[in-house]
Amino acid sequence: MDELRSIGSRTTLKDLVDAYERHIIDDALRAASGNQRRAAQALGVLPTTLHEKMKRLGLRRRAERELATMALAG
């Protein structure tokens with residue numbers, strides 16, 4: 001979890017939890033080939049919960065950019 005190392009010396013619990021959630025959600029989305037429903041199921045949360053977490057953590061915009069890039073490349 002490189003993200004945790006790059007946060008710096010003044011980390012808060014919220015920063016650590018957010019970084020961990022970001023990492024876990026990102027892994028689940030990659031394993032589900034970007035399918036949020038399947039990722040949510042694998043994580044044991046509702047799709048709406050996953051969507052809200054992604055939005056709060058800034059993952060939604062990144063996921064959309066990656067999908068757009070994949071569509072252009074494909």
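The salt bridge (charged side-chain N to carboxylate O under 4.0 Å, His left out) analysis of residues 39-48, with sequence neighbours excluded, yields no pairs. Listed by first and then second residue, the salt bridge (charged side-chain N to carboxylate O under 4.0 Å, His left out) pairs that reach into residues 33-43 come to none, sequence neighbours excluded.
For Asp27, the side chain to side chain donor-acceptor pair (under 3.5 Å) partners two or more places apart in sequence, or in a different chain, are His23. For Arg56, the salt bridge (charged side-chain N to carboxylate O under 4.0 Å, His left out) criterion is met by Asp18, Glu21, not counting sequence neighbours.
Of all non-hydrogen atoms in Ala39 and Ala32, the two that sit nearest each other are N-CB, 3.7 Å.
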Show me, pair by pair, the donor-acceptor contacts under 3.5 angstrom made by side chains of residues 41-52, not counting sequence neighbours?
| residue | atom | partner | partner atom | Å |
| --- | --- | --- | --- | --- |
| His51 | ND1 | Arg60 | NE | 3.4 |

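Taking CD1 from Ile24 and CG from Leu57, the interatomic distance works out to 12.0 Å, rounded to the nearest 0.5 Å.
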